[in-house]
Amino acid sequence: MNLLTLRKFAHYLKQTPPLKLRSIYRIADNLFKIDINGDLFFVDLSKGKSTIFITQETLLCSKVYQAPFDKSLQKYCFNSWIVDAKVDGNNRILQLVLETKNSYKTSQVVLQAEFTGKNTNLILLDSKNIVLDALRHLTKEQSFREVRIAKSLLPLPQPTNAPILKDEGELFATFENNFKILKAKDLQAKIAKSSAQITQKITQLQYHLESLEDKNALENNAKKEADLGQLILRNLYLYPDFKGREICLENEKITLPPQAHSLSHTAQIFFENSKKLAKKAKNIHLQARNLEEKLFFYQKLLQMIQNVTNLNDLQILDSNLQKKSNIKEAKQKQKFFESFFIESVKVSIVKNEKENIALLKAAKAEDIWLHIRGIPSSHCIIHCGKAKISDIILRKAAQILAGFTRDCDENYAVDYTKRKFVKITLGANVVYAKAQTIQLKKD
C-alpha cells in the first residue's frame with residue numbers, strides 16, 4: 001500500500017460535517033467492503049499485498065462471515081461517524097476515529113487498518129488504546145506488539161529512514177487502478193490454480209470413460225461363461241469324484257477357477273459370472289452416460305472459471321470444489337446434485353432427469369425454484385426457506401444455471417417462483433405458477 005495514497009485517503013475521510021461509515025463487512029478471508037456515505041471501498045489486508053480499491057463490479061462472497069471479530073465490527077462500527085482520520089506518521093497505518101451516538105451516551109472507538117507488509121491487521125481500539133478485537137490476535141511469543149483483547153496496543157516504531165513518497169495520481173483513479181492490478185495478478189493466478197484442479201478431474205473422467213468395456217465384448221463373455229457352465233452340467237455325471245484343476249469336455253479344455261472345490265461348484269461360478277457380465281453389459285450405457293454428464297458439468301465449470309472477472313465470483317464457483325469438513329457432510333457427498341454457495345446461501349443444480357426429480361423432492365416449499373424459459377434446462381433451487389433473497393443472489397444463481405445449460409441463447413429469460421408453486425407432471429416435467437422473470441445476457 002502506497003504511503004502517500006494512504007495519506008490522501010485519510011485526508012478525504014476527514015471532512016466537515018463528518019462522513020458516515022454505514023457498514024463494514026468481510027467478503028473474503030482478508031477482504032473488507034466498507035460503505036462510507038453510500039460509496040463502497042474495498043480494503044484488502046492479505047499479507048504481503050495489502051491495498052485499497054474501488055470497482056463498479058458487484059463482488060459477492062460464497063459465505064457470510066460470522067466470527068467474533070465480524071460481530072465486533074458490526075457492534076462498534078455500523079452507522080458511526082468518522083470524526084477523525086489520520087496516518088500513523090511514516091507507518092502505513094490508517095486510523096479512523098469513529099463516533100456512535102444513542103439516546104444514552106456517545107462513544108468513540110478507533111478502527112486501525114495496518115498495511116504493514118507481512119503483518120497486516122485490522123484492529124478495534126477504545127479511547128485508551130486498549131484492544132477491543134482484531135482480525136489477527138498475536139501473543140508475546142509471536143510479536144513484540146501483543147494484539148490481545150483487553151490488552152494495551154504498543155505503537156509501531158517509526159521507520160529509521162524517511163520513506164520515498166511516490167505520487168500515484170488522483171485518489172479514486174488510483175483505487176480503480178489498484179483493482180485492475182489485483183485482477184491481473186491475483187485473479188489470473190487463482191484461475192490457473194482452480195483450472196488445474198478441474199482439468200485433473202476432467203482427465204480422470206475421460207480416462208474412466210475411455211476405459212469402459214465394450215458392450216458386445218461383455219455380452220460375448222457372458223455367453224461364453226454360461227456355455228461353459230452348461231457344458232460342465234451335461235458331463236457332470238461322468239466325473240462324480242473329480243479333483244483336478246483342468247478338465248477336457250467335448251474337446252473343450254476348461255481350467256477350474258482357484259476358488260472352485262468341485263466341478264458342480266465350477267459350473268455355479270461360471271453361471272454367476274455370466275449373470276454379472278450380462279448385467280454389466282445391460283447397464284454399461286448408464287455408466288457411460290453418468291461419466292459424460294459429469295464430464296459436461298466440469299467442462300462447463302472450467303469454462304465459467306476461466307471467464308470470471310473478479311475473485312469473489314471465482315470464490316463462488318470454487319465453493320463447489322471444497323472438501324467436506326465433517327462426517328455429516330462427508331456422508332452427503334454421494335449427492336444427487338451439485339451445489340454452490342452465494343453469501344452462505346446454498347444453490348443447487350442438477351445434471352439429468354433423475355437428479356431433477358431428486359432435487360424437486362428434496363427442496364422445501366419456501367425454497368426458490370429457477371428454470372430457463374423456452375428451452376430444456378436443469379432445475380435450480382435456492383435453499384433459502386422463508387428467508388428473503390436479494391436480487392443479486394437471484395441473478396447470480398440464474399447466471400450459474402445458464403452456464404450449465406446446453407444451447408442457451410445470448411439473451412435469455414429465467415423464470416423463478418417458490419417450490420410450492422411447482423408441480424411435477426411427468427418425469428422431470430413441471431407446471432408452475434406465480435412466477436417472476438429475470439432477463440439476462442449470457443457472458
For residues 356-364, which side-chain donor-acceptor pairs fall under 3.5 Å, sequence neighbours excluded?
unit_1	atom_1	unit_2	atom_2	d
Asn356	OD1	His379	N	3.0
Asn356	ND2	Asn352	O	3.4

Test side chain to side chain contact (heavy atoms under 4.5 Å, CB included) applied to [X] - qualifying residues, sequence neighbours left out:
X      : value
Lys223 : Asp227
Lys185 : Ile181
Ala413 : Arg373, Thr437, Gln439
Lys128 : Asp126, Ile130

Working to the nearest 0.5 Å, report the span between [atom1] of [X] and [atom2] of [Y].
X      : Y      : atom1 : atom2 : answer
Ile191 : Asp186 : CD1   : CG    : 11.0 Å
Asn310 : Leu59  : CG    : CG    : 5.0 Å
Ser50  : Asn121 : OG    : CG    : 11.5 Å

Proximity of Phe9 and Phe175 rings by center, below 6.0 Å
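Here the rings of Phe175 and Phe9 have centres that are less than 6.0 Å from each other.
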
Between Phe78 and Tyr25, does the ring centroid distance fall short of 6.0 Å?
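Close enough - the centres of the two rings lie under 6.0 Å apart.
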
Step through the shown structure and confirm whether more than 12 heavy atoms of other residues, nucleotides or ligands are within 6.0 Å of CD1 on Ile164.
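At most 12 heavy atoms, drawn from other residues, nucleotides or ligands, come within 6.0 Å of this atom.
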
Residue Gln56 excluded, over 12 heavy atoms near CD under 6.0 Å:
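Atom CD in Gln56 is not crowded, with 12 or fewer foreign heavy atoms closer than 6.0 Å.
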
Result block: side-chain N/O donor-acceptor pairs under 3.5 angstrom for residues 60-67, not counting sequence neighbours:
unit_1	atom_1	unit_2	atom_2	d
Tyr65	OH	Asp29	N	3.0
Tyr65	OH	Asp29	OD1	2.6

Taking only Lys NZ, Arg NE, NH1 and NH2, and the carboxylate oxygens of Asp or Glu, determine whether Arg145 and Glu114 approach each other closer than 4.0 Å.
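Looking at Arg145 and Glu114, the cut-off is met.
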
Between Tyr12 and Lys8, is any pair of side-chain heavy atoms under 4.5 Å apart?
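SC-SC contact between Tyr12 and Lys8 ruled out.
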
Distance-only criterion, 3.5 Å: show the donor-acceptor pairs between side-chain atoms of residues 207-217 and protein atoms not counting sequence neighbours.
unit_1	atom_1	unit_2	atom_2	d
Ser211	OG	Tyr207	O	2.6
Glu213	OE2	Lys280	NZ	2.5
Asp214	OD2	Asn216	N	3.1
Asp214	OD2	Ala217	N	3.0

Please list, chain by chain and in numerical order, all residues satisfying salt bridge (charged side-chain N to carboxylate O under 4.0 Å, His left out) with [X], sequence neighbours excluded.
X      : result
Glu57  : Lys183
Lys418 : Glu366
Asp391 : none
Asp367 : none

Set of residues satisfying side chain to side chain donor-acceptor pair (under 3.5 Å) with respect to Asn119, sequence neighbours excluded:
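Counting only residues at least two positions away or on another chain, Asn119 forms no side chain to side chain donor-acceptor pair (under 3.5 Å).
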
Side chain to side chain contact (heavy atoms under 4.5 Å, CB included) between Thr120 and Ser46, intermediate numbers included
CA-CA 7 Å; Thr120 58; Ser46 298; over 6 Å; no

